[in-house]
Amino acid sequence: MMRVEGRAYQELSPSYYGICTVGGMLSAGTIHLAITPLDVLKVNMQVNPIKYNSITSGLNTLWKEQGPSALWRGWSGKLFGYGVQGGCKFGLYEYFKKVYSDVLVDQNRSVIFFVSSASAQVFADVALCPFEAVKVRVQTQPHFAKGLADGFPKLYATEGLSGFYKGLFPLWGRNLPFSMTMFSTFEHSIDFIYDNVIQKKKEDCSVAQQLGVTCLAGYAAGAFGTLISNPADNIVSSLYNKNAENVLQAAKNIGFANLFTRSLPLRITFVGPVVTLQWLFYDTIKVLSGFPTSGGPVRHIEEADRSA
């Protein structure tokens, strides 16, 4: 049982999962909001790579042609969409990790991480998809809408309910590999750093040291996840902007090599730090709420009680 300022919480309790959900929502929503300008550029580079062919020239083009406000187009979709997704992803990951740990007792830990993150991401993307559909159109079609308030009704009026979920399967194709790679890399990086670098148990380290380990593992997780998910990310942008009618056509139009390389430098530039800050914010919320930082085997309540 963990204690902070006179309060006591139990790991694996409803309070724990609630804090994980809120922490994921706040960390993902605010961090994604902060990097909206880079996301606007990334999406435009994917949709129109000839016009927006580099980070510097792309930003200059957006600024000159559409003004500084264009760099913040779609901010509401980033804040609320990725906030909801983050809450589902982190909260459900912790829940599924406990469930699968009990069911798949003899399985390798990597299997637990993969199936837990995949299960959580399926639900998280269902929640994100309508926000993402509007956000991408707002960012790449200046006259489509100003944000979610007018974007939702306009998209529903023109494309119906299916318009909100047109990109769900490509979104799963992008985010499932990313999430599975990210969580597994994070968990194994945590183990590696404590066992081989610090050479101390997590419980014997200070909070500052634990949050430092979170940052290192978070950056590694973001970098590996970006490499795996880049092809699907390009396909999602192409489908939402009607550059293709289906996944196969989008992949053919983009080209095999471009699926892996288009917008990759930009994504690595901001996804690594974004994931790092997200994990740091998330674990800080957990620590302030009386829980340990993320990573490592989930302790059962009885074990936690004995060590309190």
Side-chain angles (χ1 to χ4, degrees), residues 1-32 79-105 107 109-129 131 172 175-176 178-180 182-188 190-191 202-203 207 210-211 213-214 217-218 221 275 277-308:
M1 185 176 294
M2 305 297 296
R3 297 181 182 274
V4 60
E5 296 179 359
R7 292 171 295 167
Y9 295 108
Q10 290 180 324
E11 292 179 70
L12 314 180
S13 68
S15 296
Y16 175 71
Y17 296 125
I19 290 296
C20 291
T21 301
V22 172
M25 184 178 296
L26 292 176
S27 63
T30 54
I31 299 302
H32 276 279
L79 175 63
F80 296 109
Y82 282 89
V84 170
Q85 187 211 39
C88 293
K89 180 166 64 176
F90 282 92
L92 288 175
Y93 173 73
E94 296 290 349
Y95 172 75
F96 283 124
K97 189 166 79 166
K98 171 63 170 64
V99 171
Y100 291 127
S101 294
D102 291 340
V103 174
L104 306 175
V105 178
Q107 287 293 333
R109 289 182 65 210
S110 295
V111 175
I112 304 297
F113 301 149
F114 281 142
V115 295
S116 300
S117 55
S119 299
Q121 193 67 51
V122 166
F123 291 98
D125 282 348
V126 170
L128 169 66
C129 203
F131 295 92
W172 278 334
N175 290 345
L176 280 171
F178 177 87
S179 185
M180 293 167 70
M182 183 194 73
F183 279 105
S184 181
T185 301
F186 179 85
E187 297 272 10
H188 287 299
I190 290 288
D191 292 341
K202 182 167 73 172
E203 293 78 10
V207 171
Q210 292 181 35
L211 292 176
V213 172
T214 292
V275 173
L277 291 173
Q278 201 167 306
W279 276 107
L280 175 61
F281 194 175
Y282 173 68
D283 267 1
T284 299
I285 291 173
K286 289 176 67 176
V287 168
L288 292 176
S289 300
F291 295 110
T293 55
S294 301
V298 178
R299 295 189 303 168
H300 289 275
I301 293 173
E302 294 80 9
E303 295 172 345
D305 287 340
R306 287 196 297 269
S307 63

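Source: prediction; values computed, not measured. All residue numbers refer to positions in the sequence shown, counting from 1.
- Heavy atoms only, all atoms of each residue included: Tyr282 and Gly24 are closest at CD1-N, 3.5 Å.
- Listed here is the closest heavy atom pair of Gly218 and Trp279: CA-CD1, 3.8 Å.
- Remark: the backbone N or O of Ser117 is not paired with any side-chain donor or acceptor of Lys97 at under 3.5 angstrom.
- Atoms OG1 and CG, from Thr284 and Leu211 in turn, are 4.5 Å apart once rounded to the nearest 0.5 Å.
- Within the structure, salt bridge (Lys or Arg N to Asp or Glu O under 4.0 Å) pairs that include any residue of residues 112-121 do not occur (at least two apart or interchain).
- Taking the six-membered ring for Trp and thresholds of 30 and 60 degrees, Tyr95 and Tyr17 have ring planes more than 60 degrees apart, a perpendicular arrangement.
- For the pair Asp125 and Gln85, the minimum side-chain heavy-atom distance is below 4.5 Å.
- Here the shortest heavy-atom pairing between Met25 and Val84 reads CG-N, 4.5 Å.
- Of the inter-residue distances, the one linking Lys202 atom NZ with Thr293 atom OG1 reads 4.0 Å to the nearest 0.5 angstrom.
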### Task
Under the side chain to side chain contact (heavy atoms under 4.5 Å, CB included) rule, what do Thr21 and Tyr16 come out as? Steps first, then yes or no, please.
CA-CA 9 Å; Thr21 301; Tyr16 175 71; over 6 Å; no
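- Closest approach of Val115 to Leu104, counting heavy atoms only: CG2-CD1, 4.3 Å.
- Atom CG in Leu277 sits 12.5 Å away from atom OG1 in Thr214 (nearest 0.5 Å).
- Although no hydrogens or angles enter the test, the distance criterion places no donor-acceptor pair under 3.5 Å between the side chain of Ser179 and the main chain of Leu176.
- Taking SG of Cys20 as the start and NZ of Lys89 as the end, the distance is 14.0 Å to the nearest 0.5 Å.
- Phe90 places a side-chain heavy atom less than 4.5 Å from the side chain of Phe183.
- Applying the salt bridge (Lys or Arg N to Asp or Glu O under 4.0 Å) definition to pairs two or more places apart or across chains, those involving residues 280-289 are Glu94-Lys286.
- The main-chain N or O of Trp172 is never found under 3.5 Å from a side-chain atom of Gln121 such that the two would form a donor-acceptor pair.
- Ile285 and Gly23 make their closest contact through CD1-CA, 3.7 Å (heavy atoms, listed as atom of the first residue, atom of the second, distance).
- Annotation: the span from Leu26 atom CG to Ile19 atom CD1 amounts to 9.5 Å, rounded to 0.5 Å.
- A distance of 7.5 Å separates CZ in Phe113 from OG in Ser101, rounded to the nearest 0.5 Å.
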### Task
Assess whether salt bridge (charged side-chain N to carboxylate O under 4.0 Å, His left out) is satisfied between Arg109 and Asp191, documenting all intermediate values.
CA-CA 12 Å; Arg109 289 182 65 210; Asp191 292 341; 2.6 Å; yes
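- Closest non-hydrogen pair, Ser294 versus Phe186, comes out as CB-CE2, 3.8 Å.
- Legend: residues meeting ring pair (Phe, Tyr, Trp, His ring centres under 6.0 Å) with Phe96, ordered by chain and number and at least two apart, are Tyr100.
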